[in-house]
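Protein chains get the first letters and strands the later ones, always in sequence-line order, with residue 1 at the start of each.
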Amino acid sequence: MEYKFRDIEKKWQQQWKDKKVYSVPNDSSKPKYYVLDMFPYPSGAGLHVGHPLGYIASDIYARYKRLKGFNVLHPMGYDAFGLPAEQYAIEHGIHPAVSTENNINTFRRQLDNIGFCFDWDREVRTCDPSYYKWTQWIFLQLFNSYYNRSTQKAESITQLIKEFETNGSANEQRSTANSFTAQEWKSFDEATKQNILMDYRLAYCGYGEVNWCEALGTVLANDEVVNGVSERGGHPVVKKKLRQWYLRITEYADRLLEGLERIEFSEAMKEMQSNWIGKSYGAEIDFAIKGFNDKLRVYTTRPDTIFGVDFMVVAPEHELVDKIKSGSQVAAVDEYVTYVKSRSERERMAEKKITGCFTGAYAVNPFDGREIPIWISEYVLAGYGTGAIMAVPCGDERDFKFAKHFNIPITNIIGAAFNGEEANATKDAILENSGFLNGMVMREAIEVVNNKIEEMGIGKKKVNYKMRDAAFSRQRYWGEPFPIQWKNGTAWPLPETELPLLLPEVDSYSPGPEGEGPLANIPEWVAKELETNTMPGYAGSSWYFLRYMDPHNDKEFCSRKVSDYWGQVDLYIGGTEHAVGHLLYSRMWTKALYDLGYIGHDEPYKKLVNQGMIQGSSRFVYRLKLDIMSEEQIALDKLPQIFVSKVVVDEWNIGFKSEDLIDKVKRILSLHLSHDNFKFKIEGFSSFHVDVNMVDGIELDINAFRGWKPEFENATFIFDDYRIDTILLKSGNNSEGFVVGEENDKMGTKYSTGTEVEKMSKSKFNTVNPDDLVNKYGADTFRMYEMFLGPVEMSKPWDTKGIEGVHRFLKKLWRLFYDDLKGKVWNEEKANDAEWKALYKGLKKIEEDTERFSFNTGVSTFMILVNELSDLKCHKKEVLEKLLIALTPYAPHIAEELWSLLGNSGTVLDAAYPAIETKYLVESSKEYPISINGKMRTTINIALDAAQPEVEQIVLANDVVQKWLEGKAPKKIIFVKGKMVNVVI
RNA sequence: GCCCAGAUGGCGGAACUGGUAGACGCGUCAGACUCAAAAUCUGGUAUUCGCAAGGAUGUGCAGGUUCGAUUCCUGUUCUGGGCACCA
């Protein structure tokens, strides 16, 4: 009886589906456990082997927790709004809903193949009106709320209105611009009131810059802009200000930081988030500008260095630039500003080249009256701080390089701590050349300066955040419409009863006028004065984990009772690429919903595990580049493309066997040209991607390659051993071409490809489809192999070859139960101590590995255990069935099949996880490694309870130790009980 | 440029708290079974010197701490991820 994985997997998947074994109740006496995968976008390319990695890991853990007696929620759904579907619609005229639906179906079919334990009754799709109704509803809650800074939480906007009616803006001042008394508030007209409230709402409307492409008439995403031009068509892209919605996430900055201390994210992840939030303590200082009444306000974290300021750098888009540019600098400034407009923020920050332009204006140092030139440069961004910095070249590397580049004299305020070669960012130097700060340690001077500027009224201490409010609108079609109506320039929320505001049908997916989204093309939509922007991709994904709990509720986004039962996601698995986007936004939404009393927890994810990326292992072939000269007419296009193996390419490049290659090329050419009247020169090789599915290991399947594209039909190959293979030889005298290496049959005729590890993508022809592997080896093998590749958190290249080993393991496991010839071999005999020991040693490690998400070592422990049981010829049911339960999370199908064949009733999915009988694991002695000076030389078996004097005696008596001692006494003997012995000579 | 992570045999990786580097698997070599192949099984396989016994070297690179470092510290190189409209 052999292991017929296809039948087995199909059978059990059907039974599990029929019996609804993965259906999860919302109330249970069992403790709850919530395992979540990051929301997938159903892309048109379908799944490749990299996608399911995290799903398999979470599936194993979810199944493991279930066996351990938990009520496990493990849902799946689709983040179905997004740019790719819209782009596809523009190009092919297919409605995004249609292509998305198709993609989802493919996605689902592929997932089902792998045997996941998702409760599909809880599936959600963000593009489904029954889902986005609640996305819109939450948006309205955010719109109708403000952040009360004294209570440090979101509260209803009506609360704020009451506050204004009683106290005016006194307690809730946001900017100096809107300061008013209660009386004044009451006298304001509605539009003014609404304008003021907009400065407080958690979801608010403002103006922001976008990548505007005039030629395409549309706004582009950052990754659609390459080197300042559009990816499609190469048209120029400039910054354009557009009305945009924002989420006031900055108000949550401190709580987002504080919350990190209460959740189990990796330190790296927490660091990335806190760097993104970028809290810094500094000061805002106003500098007078010579000849103007305006002040230049800078933000600095180092007010102590104020006497070292040698120039100012202002963002090129700073509002003062136009005003203060002067004289001969006007033209230069304008030119520079135009240049910067064409640059993306990314390019500006990554630029190594130092650029900038003097404005012609001077600021005045408030303490010593020194005149400081004001420059503009792209490395200062308008959105951060005040958009202007005071540059201290002796203390800041970037300022230093800037000063050097533009020959700006550098003032040294830290004496010997500055060597003139590079800036020194120390806070511990003693200040010099610093007026009233002279002799002070910098660290202490910070507070002194802060007090001084506040006293002088030219500045104040300021906590700053690098994080900006999140842009929450897109000029796109395929997203959630905003439930907002504009009346005379004022935004009004639609009543909740009118939700969902359905996404209308459009004739064309192209952009609307003036950079507006496609919705602006719909007369009825515009007539109703509805908002024409749509929400961004992260809207739906910021709260989906809550909807899974209560997916069919049409009264609420999620009932409080249900969210109180499930609470936080206990385990969240997904990639680091979401580190600062999705993870921060969903944390903010959770906090807002918590503040408003809709849920009972303020951090969505208790523990986060980051999965690494599976990279593609690309394969390359090398086409010969020839320069052929002949006196006769040659039809060059009739010549076949010649592909040279990697081995030959490498040898050519180091000048080895060059004559052999030239010979072969000559041979090929004369065969095809039917004469020898030509000369040629080998100019090199051009490499290009070949589909990995046509390559076994590194060996190219010649016939598959010839059939790949018409131009390769007649391809000629030069193999590793310099044999040649051309269509002419095939049809004619086959042996003729095989000259070199003919005698060496073992080398064969192999074409070795080149390899490189790259991102897995269709365009690189290195994607591997899980369907093919599941079909060939089964889901259980596929699942275990994905895990066996390496640690979940780590990125690693895919290599299909290794899957055989895991498949062999499952067959070997099967043979513990059933032999191909003998049939049933399992029995009901009593197990002996050696068998129990092997089992429990393995199960103990497997449990530990599963608990710490070390699934790769878990799989290898299964292999060791099965190897040991095979060696022990153990076919005993009482041992094997415990193994099966432990295997269930990893390979559920084979486990269920064997479980039922052993005569068990009921599913193995709900069996009790085996407890470890530690009595079989007790050891009395250990094979101690004996080191001499830290180098392992031998091992000695010593009783585990032996104490140091006894051990020393045994060790010193050992021949090997004696040899190394050469009669001398050891200086020291280090003995670590249960670990090792080190003899120091 | 800034932030984060990683680097160990031919390959994926193991070594969990500073204590036997290379578990497990792939590949490969040799052998068994077979008319043959597949499947399966057995054994070898970091490099290097040596017939062997046994040495030497070895965890990206350069230093340091320690009786002992893949593990800790400093510096450095390369690779991957993120940098706010891909999701």
For a side chain to side chain donor-acceptor pair (under 3.5 Å) check, start with the C-alpha distance between A/Trp543 and A/Thr135, then their side-chain angles and the critical distance, and finish with the verdict. CA-CA 8 Å; A/Trp543 70 282; A/Thr135 308; 3.0 Å; yes
May I ask you to verify if any side-chain N or O of [X] is less than 4.0 angstrom from the OP1 or OP2 atom of [N]?
X        : N      : answer
A/Arg468 : B/rA84 : no
A/Trp964 : B/rG55 : yes
A/Arg937 : B/rA56 : yes
A/Arg398 : B/rC2  : no
A/Arg808 : B/rC26 : yes
A/Asn867 : B/rA23 : no
A/Lys811 : B/rC41 : no

In whole angstroms, how far is the [atom2] atom of [N] from the [atom1] atom of [X]?
X        : N      : atom1 : atom2 : result
A/Trp798 : B/rG25 : CH2   : C1'   : 13 Å
A/Glu480 : B/rA87 : CD    : C1'   : 13 Å
A/Tyr384 : B/rC3  : OH    : P     : 13 Å
A/Asn610 : B/rG6  : CG    : C1'   : 14 Å
A/Asp399 : B/rG1  : CG    : C1'   : 14 Å
A/Glu804 : B/rU40 : CD    : C1'   : 14 Å

Counting heavy atoms from C-beta on, name the nucleotide in [options] closest to the side chain of [X].
X        : options                : value
A/Glu271 : B/rG54, B/rA14, B/rC3  : B/rC3
A/Pro791 : B/rG13, B/rC67, B/rC85 : B/rG13
A/Trp276 : B/rC16, B/rC83, B/rG55 : B/rC83
A/Ser795 : B/rC26, B/rA87, B/rG80 : B/rG80
A/Pro929 : B/rG81, B/rC24, B/rU20 : B/rU20
A/Arg852 : B/rC86, B/rA15, B/rC85 : B/rA15
A/Met863 : B/rU20, B/rC86, B/rG25 : B/rG25
A/Lys759 : B/rG55, B/rC85, B/rG81 : B/rG81
A/Phe788 : B/rG25, B/rC4, B/rC85  : B/rG25
A/Val210 : B/rA87, B/rC85, B/rA14 : B/rC85

C1' atoms of B/rA46 and B/rU42, separation to the nearest Å: 23 Å
Over all strands shown, is [X] touching base, sugar-phosphate only, or nothing at heavy-atom distances under 4.0 angstrom?
X        : answer
A/Gln475 : base
A/Glu758 : nothing
A/Met269 : nothing
A/Ser473 : base
A/Lys845 : base
A/Lys466 : base
A/Ile974 : base
A/His582 : nothing
A/Gly82  : sugar-phosphate
A/Ala268 : sugar-phosphate

Under 3.5 Å donor-acceptor pair, A/Asn982 side-chain atoms to B/rC67 base atoms: yes
Do A/Glu577 and B/rC86 have a side chain to base donor-acceptor pair shorter than 3.5 Å? no
Interatomic spacing from OH in A/Tyr55 to CE in A/Met38 - rounded to 0.5 Å: 10.5 Å
Taken to the nearest 0.5 Å, the spacing of A/Lys279 NZ from A/Met467 CE works out to 11.0 Å
Determine, for A/Asp696 against A/Lys801, whether the closest basic-nitrogen to carboxylate-oxygen distance falls under 4.0 angstrom. yes
So does A/Arg619 pair up with A/Glu756, basic N to acidic O under 4.0 Å? no
Mind checking who [N] pairs with, Watson-Crick or G-U wobble, both distances under 3.5 Å?
N      : result
B/rU66 : none
B/rC51 : none
B/rA46 : B/rU57
B/rG9  : none
B/rU40 : B/rA32
B/rU17 : none
B/rC2  : B/rG82

Anything under 30° is parallel, anything over 60° is perpendicular, the rest tilted; go ahead and classify A/Phe39 against A/Tyr544. parallel
Over 12 foreign heavy atoms within 6.0 Å of NZ, A/Lys764: yes
Checking the side chain of A/Asn982 only, and the main-chain atoms of A/Gly934 only, is there a donor and an acceptor separated by less than 3.5 Å? yes
Under 6.0 Å between the ring centres of A/Phe472 and A/Tyr246? no
Please work out whether B/rG22 sits syn or anti, treating a glycosidic angle within 90° of 0 as syn. anti
